[in-house]
Every structure is written in structure tokens, then in C-alpha cells.
Number of protein chains: 2
Amino acid sequence: MTASTILIVDDEAAIREMIRVGLELAGYECLEASNAQDAHGIIVDQRPDLVLLDWMMPVTSGLELLRRLRRDDLTRDLLVIMLTAKDDEDNRVQGLDVGADDYITKPFSSRELMARIKAIMRRSTTREQEASIEVGGLKLDPASHRVFVDTQPLDMGPTEFKLLKFFMTHQERAYSRGQLLDQVWGSNVYVEERTVDVHIRRLRKALQTDQRDCGLLIQTVRGTGYRFSTTGVCA
Amino acid sequence: MTASTILIVDDEAAIREMIRVGLELAGYECLEASNAQDAHGIIVDQRPDLVLLDWMMPVTSGLELLRRLRRDDLTRDLLVIMLTAKDDEDNRVQGLDVGADDYITKPFSSRELMARIKAIMRRSTTREQEASIEVGGLKLDPASHRVFVDTQPLDMGPTEFKLLKFFMTHQERAYSRGQLLDQVWGSNVYVEERTVDVHIRRLRKALQTDQRDCGLLIQTVRGTGYRFSTTGVCA
DNA sequence: GGCTTCTGTCATAAAATTGTCACCAAATGT
DNA sequence: ACATTTGGTGACAATTTTATGACAGAAGCC
């Protein structure tokens, strides 16, 4: 479980607990703003993935901060987990009403915390759904994670799928092997550039059917890299 | 307030109270069954709109009866209000967990009882019946809680049923193990993601008959998760 | 309380994917 | 034409991912 930034609002103990548990925090902050407006400002600056919001804040009301977060476009999509000191049903309901994604009752077990965070972050990835891309006789559907050539499903490995998806969303443009590694493999892996060649080959092969050869859509740009283009429609 | 039938379980005083209050009972019954099974049978016969379930029953446990009611398709949708003698938090939580619609602490005022009943019955109008889903030779009927392959009933565990139901209502789309855990198990449980694999296996096996193998409808999406798709019709 | 079924987790087997190489083919340059 | 560079291909061993059988504890059932 990794979260690029987690912002802890007014709860040092929670921070310690999370670190102990092994949650990988790229950064965190313990808010000590004197009012909801300041707190909101800090959150906007930090751009965390997740906010643990203590209901019982010393100065300002957690409820007001939550409302403010939900009102602002910049912070509207933030995942907010509310911490309630006791099993206070009223606060809980009120909080969920205003738009908290979840709540945890203190004291909470680290297992529970982790489970909730995981669940919340999983859920967030489900929110958006990508449209399927279609070009020539080729159709790529991100939802079902499949590729068709004229309604016939194709078979390919995960890397080939990602590669094709990248190409289809970046048509008519040449990419070097290095760029492809960055975009498809990720910028922090080290693999030989020639590896790209092999996967291009595999993708091309996967794009062949008895009727058509859509592998032709992937053109090699000698001395540079590869390009996905429709100017050579799959034969 | 009218209820065609109200069934009182093991609480004469409550009946008297309700009648005194003016609740229009089209009929009522005071259960004196010696065990949960008999009680369940009587309830099935009576088809009441509402069950007032006393937690402290002399012979059988109210909890078990409640569970039984929720498990049986015939009684699953019944409105159940739990009566707890004292403000017993544990029982209350346990009861709501198993699926009571509400609870009332004894002694209760007639006003409160009426209010709860009203609220509950309002809520109930929202409940709708689910239609059975059919795809390929597979038919899933939520009402009877059963699955057929060409009229032949299949046998599977509760989790497998829920999993299949989710898949059949979300076809042609890949889901990660985490998403499945959220959707089928619930977002607040923490189990290993590998557990999904095992249940997928069990479901696939359950979907096999001598004639067909509908387990093929569940496809694995390597590196991602699973997908329910008809493009590979059960052989 | 005894008995059966269901569940989650492991350990292990099986299968698919991946990154590299070595080697061949095509293109480029002189 | 020859030498050199760049891309295409098949093979392969390591690694990762999934499938499967076994099992103990939990939950349900009579």
C-alpha cells in the first residue's frame, strides 16, 4: 500500500500508528491550523491522496473543514476518512452526510485502518471509467481489458496490452524506445532498450488474424523508434 | 396505520400494548414454538408484514430465528423489529448485523413503537424484487437464490453465489481481486486477495455439468483479475 | 452438544510472461 | 560491393502470476 502523501489532521498518535504499521508515507503533516480556512489552504497546498480527519479538533470543527473540502473543486475528490473518538452515531451520520468516504472509531486497530485505507483507495480507482478506443478495425476496451479486430477477440500479454493502449491513445507520432519504456514500463525501471523491439514484435504478431494483419499499424521509424499510424490500414 | 398481519413473537404484553394503542391489526399471533425451525415454519404460513421479534425468547434464540428468516428466500424480505429487554448494546449490534430492520428497547412507549413501525414500513416500499438474470445457458434467480444450467440446478456456497451474481450483473468487464473483495465481500473486511482465486476456482467448478462447462464464462485477465464474458460461450 | 458445510489461508504445482541473447535480415553509407 | 548500423526473430531461463488440493477453524444445522 502506497500513498504519495497522507495528511494527518490533528492526530499525532494516528501518524505514529500508521508508520508503525508500515504504511508507506511519502509525506505527512499534522495540521495545527487555528481555523478551517487555514487547514483547507494547507490541504490544497499539500495535495494529499488521503485525509484522515479527526472529528474532535481543538479549535476548528472537523465538520466545517469537511464541508469546505467538498465545496472546493480542488479538494472535492479527496478521499477523507473521519476519525471519531467515541462511537458517536450522530457525528458519524453527519460526517457521512457531508461526504466523508469512511469513518473509523478510535481506538482503531492497525488492521482496520489498513483495510479501510485499502478499500477507500481501491474504490477511488473504480470511479472513473475510460471509454473504448476504436481505429480501423481495431477496438480496445479498457473496461474489459480486451482488444478486438472486427469483433474477434485478440490474445496478448499485459505488456503488449499496455503498449497498444499507449499507441492507440498517441497515434501518428513517433516514439523512441526510451520514451516507450518511460510511458509503458514506467520511468523508474531499467531494462534494455532492445526489449522494446521484442515486445513490438509480440504485439504485431498478436494483432494478426486470419483475415487481417493489424500489426501493420505499428510502423518502425528507422533510427528513431516506432509509430502507430492508420495511413497503412490493416491489410 | 394498517398492517394486514402482525405477528408477535413471544410477547403477550406487547400485543396488548399495541391493541390498546389502536394499531389496526388484521391479525396477530403469539408464537410459542419450542424451536427456531417451528417458529420459522409458522411465520412462513402466516406471511405477516411485520415481525416483532423478542430477543429473550424462552426456548430458542431470537438471533437464530432472525438468521433463519434472513436466509430463507420466503422470509428474507420480512420487516423485523427486534425487542430487547434491556439496552443491551451487544445484542443490538448483533441483531442489526444479522439483518434486523430496527430494534426497540423495552419498556417502550406506544408512541415510539408506532413511530418505528411507520418508519419501517415506509422504508419497505422501497424494496423491489430483482429479476432473474439469464445469459448463455446460465440462469440466476435471485428470488429462489438458485442457479441453473439449462434447467439443471447447480450447487454452490453462499460466497460463490454472490460472486456469480456480481459477475452476471457486471459482464464484459475486468475486475481486480481488490474490487471483487469490495463488491462481493464488502469493503470493510480484510481478507487476502488470493482468497478470491480460491472462490473463483470453486465457482468455476460449481458451474461445470456433465453437458457443459460454464466455468469458461469466467475468464482470468492476467495481471489484472477476472472477467465474466460470453465471448467464450460455455462449451 | 455432535455433525455438516462453508471459509480463509497455505503450500505446491502449473502456466504464462518477461527480459536478454545470439543470430539473421534489411538498410545505410562509402 | 563491402562494411557498418539498425531492426527483426526465435529461443530460453528466470520470474511472476494463477490454479489447485489440503486443512483447520468458524458458522450453521438438527
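Both backbone and side-chain heavy atoms feed into the values below; hydrogens, waters and symmetry mates do not.
Remark: C1' of D:dA11 and NE2 of A:His199 are 15 Å apart, rounded to the nearest angstrom. Rounding to whole angstrom units, NZ of residue A:Lys205 and C1' of D:dG7 are separated by 16 Å. Note: CG (A:Leu216) to P (D:dG8) measures 13 Å, nearest angstrom. Atom P of nucleotide D:dG21 and atom CZ of B:Arg201 are separated by 5 Å, given to the nearest angstrom. Atom-to-atom, OH of B:Tyr190 to P of C:dT9 comes out at 9 Å; the value is rounded to the nearest Å.
Regarding contacts with the backbone of C:dT17, every side-chain N or O of A:Thr159 stays at 4.0 angstrom or more from both OP1 and OP2. Between A:Arg194 and D:dT9 there is no side-chain polar atom (N or O) within less than 4.0 angstrom of OP1 or OP2. For B:Arg67 and D:dG28, the shortest distance from a side-chain N or O to OP1 or OP2 is below 4.0 Å. Not one side-chain nitrogen or oxygen of B:Trp185 sits closer than 4.0 Å to the OP1 or OP2 atom of C:dT7. Not one side-chain nitrogen or oxygen of A:Tyr226 sits closer than 4.0 Å to the OP1 or OP2 atom of D:dT6. The side chain of A:Thr195 contributes an N or O atom lying less than 4.0 Å from OP1 or OP2 of C:dT20. Side-chain N/O atoms of B:Arg177 include one lying less than 4.0 angstrom from OP1 or OP2 on D:dT18.
Paired with A:Asp150 under the rule side-chain hydrogen bond (donor to acceptor under 3.5 Å, both in side chains), one option of A:Arg212, A:Gln211, A:Lys139 passes, and it is A:Arg212.
For the residue pair B:Leu217 and B:Thr230, the shortest heavy atom distance occurs at CD2-CA, 4.0 Å.
Between B:Tyr175 and B:Phe166, the ring centre distance stays below 6.0 Å.
Within 4.0 Å of A:Glu160, counting heavy atoms only, lie sugar-phosphate atoms of the nucleic acid but no base atom. Across all strands shown, B:Arg68 has heavy atoms under 4.0 Å from sugar-phosphate atoms exclusively, and none from any base. Within the 4.0 angstrom heavy-atom criterion, base atoms lie near A:Arg202.
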**OP:** Check step by step if side-chain contact (heavy atoms from CB on, under 4.5 Å) holds for B:Leu180 and B:His170.
**Re:** CA-CA 11 Å; B:Leu180 291 173; B:His170 298 81; over 6 Å; no

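For B:Arg222 against C:dT17, no side-chain N or O and base N or O form a donor-acceptor pair under 3.5 Å.
Sequence order on DNA chain C of the closest nucleotides to A:Pro158 and A:Val191 puts A:Pro158 first from the 5' end.
Closest approach to the B:Val198 side chain among C:dT20, C:dT7, D:dT20 is made by D:dT20 (side chain taken as heavy atoms from C-beta onward).
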